[in-house]
There are 2 protein chains.
Amino acid sequence: MGWIMETYKGKKRQNYLEKHSISHLFSFLIEEFIEVREYKRDEWIIHEGMRPDYLYYVIEGKAKIYVTYQNGKVSLINFINAHDYIGEMELLHEVYYTKGIQASAKTVCFAIPLYRCRDKLLEDTTFLRELTRFLSVKATRMAEKYSQGLSFPLENRLADFILQTADGDVYKEKHVTVCDFLGVSYRHLLHVLVQFCEKGYLQKKGRHYHIRQPDDLHRLADVLKNGLDMGS
Amino acid sequence: MGWIMETYKGKKRQNYLEKHSISHLFSFLIEEFIEVREYKRDEWIIHEGMRPDYLYYVIEGKAKIYVTYQNGKVSLINFINAHDYIGEMELLHEVYYTKGIQASAKTVCFAIPLYRCRDKLLEDTTFLRELTRFLSVKATRMAEKYSQGLSFPLENRLADFILQTADGDVYKEKHVTVCDFLGVSYRHLLHVLVQFCEKGYLQKKGRHYHIRQPDDLHRLADVLKNGLDMGS
DNA sequence: ACAATAATATGAGATATCTCATATTTTGGG
DNA sequence: CCCAAAATATGAGATATCTCATATTATTGT
């Protein structure tokens with residue numbers, strides 16, 4: 001299936017480089033090395049287990065990180081959005097088991113060839129500082145999610161997820177994605193959603209859910225927050 | 001309780017700086033800035049919610065990262081060992097909710113004052129590259145633990161934990177610590193341990209457990225591993 | 001437009017895990 | 001050496017969550 005990633009050339013490439021310049025993230029001239037690539041929905045940006053030759057910086061779109069376990073179970077580890085890096089592990093480590101990354105919408109990224117830029121990147125203070133910040137946030141988020149996932153029932157985590165992903169007061173994530181992400185069975189996710197509806201927190205409208213009582217959801221979600229909190 | 005952290009001076013300090021030199025991790029002369037500190041068992045290296053003024057590098061000992069939730073629930077997020085950094089989040093971010101870090105054995109670390117070194121550190125390629133590696137490993141480990149925690153029952157995670165923390169063929173972690181770390185109730189942890197004994201995987205010897213059938217434990221633990229794996 | 005596939009839905013029984021109650025043993029501080 | 005607190009233990013009932021079975025409804029490729 002779809003492995004027809006498109007590389008923008010000429011004017012289109014130039015346009016992206018200008019409108020979404022990332023030159024301030026580097027202290028050397030990065031532009032000439034960048035390939036501007038577009039991945040279609042469901043296309044794999046990185047195949048699980050295959051070492052990528054590029055460092056990616058996401059310009060627009062979104063993607064998901066997956067890992068497959070030996071028993072065949074597939075787990076959605078995280079979402080990737082604009083301004084995230086992909087493939088930084090391969091830049092930093094000789095040996096690394098690469099996770100799978102799949103675009104969940106049309107996704108445009110800047111691809112920086114490691115074989116030409118690795119040394120430059122690893123000598124670049126501006127870039128390293130930027131990457132360090134990115135990784136520290138990533139590590140913190142993961143740590144939070146980890147302890148939350150273990151410490152609280154789905155009720156709380158789902159309330160948080162709904163509030164975070166709602167479009168206005170409409171929640172419309174796909175159930176299959178959500179139960180992967182929250183690590184629960186489809187059956188149980190539906191069960192809790194029905195409860196939310198019965199309690200009047202949500203109201204089902206066809207395929208979507210309307211948020212009726214955001215305060216109640218906030219009350220459930222706030223339990224996950226630690227002490228003072230900084231938003232993010 | 002115990003907040004009498006001791007700072008080594010003179011010869012003792014000099015000794016540590018020489019025997020555990022970290023000058024290769026920096027491209028400027030760091031030695032003169034370093035304070036060598038010793039924290040006693042159960043002493044808090046960083047208090048939750050209080051912004052530390054130092055970046056720490058652990059030389060010997062071990063510690064635990066805790067976070068307290070609004071409902072009073074306390075969660076053990078991770079262990080810290082020799083060669084780990086503490087307080088790097090505060091170096092990188094203006095605003096950050098600091099987690100609590102408690103020594104679980106006598107712990108010696110190098111404390112680098114941020115008010116004197118922040119700018120130097122953030123300009124230092126060698127250090128940034130090092131820190132980036134550290135953070136990338138941390139982020140990956142957390143991501144793995146997260147998805148594992150959600151995806152597998154205690155049986156599998158405990159088998160893994162036992163094998164990882166066993167001293168030879170003797171497992172002797174404190175139950176209270178373990179159930180914090182694995183995010184399960186004390187009752188349930190005991191329940192699964194009893195099962196392991198009944199199945200002959202472990203044998204209880206007073207306060208410790210003797211590993212009888214490591215292969216069976218490995219079989220359970222291996223389920224957590226993804227595809228190829230790289231150890232770490 | 002049709003067939004195949006993915007996503008949504010719902011029920012029922014099985015497990016994993018939690019909570020609470022209570023008892024015994026170990027440990028650290030005075 | 002003694003006490004209070006922490007850690008260990010065990011039972012019983014309540015919940016959260018999973019698995020499997022089975023229908024119905026989108027979506028997608030051709």
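Naming: A, B, ... by sequence-line order, numbering from 1 per chain. Predicted model only: the values in this text are computed from it and were never measured.
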Problem set entry | Integer-rounded Å distance: C:dA7 P and A:F181 CZ | 17 Å
Exercise. In whole angstrom, what separates A:Y209's OH from C:dA7's P?
Worked result: 15 Å
Problem set entry | Whether A:Y85 and A:F134 hold their rings parallel, tilted or perpendicular, with breakpoints at 30° and 60° | perpendicular
Problem set entry | Whole-Å distance separating the CG atom of A:L76 from the C1' atom of C:dA7 | 16 Å
Exercise. Under 3.5 Å, is there a donor-acceptor pair between the side chain of A:S104 and the main chain of A:K64?
Worked result: no
For this session: Check whether more than 12 heavy atoms from other residues, nucleotides or ligands sit under 6.0 Å from atom NE2 of B:H210, and answer yes or no.
Result: yes
Exercise. Should the pair A:K199-A:D216 be classified as a salt bridge under the 4.0 Å nitrogen-to-oxygen rule?
Worked result: no
Exercise. Given A:T98 and A:E90, is the side chain to side chain donor-acceptor pair (under 3.5 Å) satisfied, shown in steps?
Worked result: CA-CA 8 Å; A:T98 304; A:E90 292 75 8; 3.0 Å; yes
Seminar exercise, completed: Here the distance between atom C1' of C:dA7 and atom CG of A:L190, to the nearest Å, is 10 Å
Exercise. Would one find a side-chain N or O of B:K204 under 4.0 angstrom from OP1 or OP2 of D:dA9?
Worked result: yes
Problem set entry | d(NE2, A:H175; P, D:dA26) in whole Å | 13 Å
For this session: Could you state the atom-to-atom distance from NZ of B:K172 to P of C:dT26 in whole Å?
Result: 17 Å
Exercise. Can you give one letter per nucleotide of nucleotides 13-18 of chain C, going 5' to 3': B for a protein heavy atom under 4.0 Å from the base, S for sugar-phosphate only, - for none?
Worked result: ---SBB
Exercise. Should B:K106 and B:E6 count as an ion pair when the cut-off is N to O under 4.0 Å?
Worked result: no
Seminar exercise, completed: Taken to the nearest whole Å, CG/A:D180 to P/C:dA6 is 14 Å
Problem set entry | Nearest-Å distance for atom pair CG/C1', residues B:L193 and D:dT8 | 12 Å
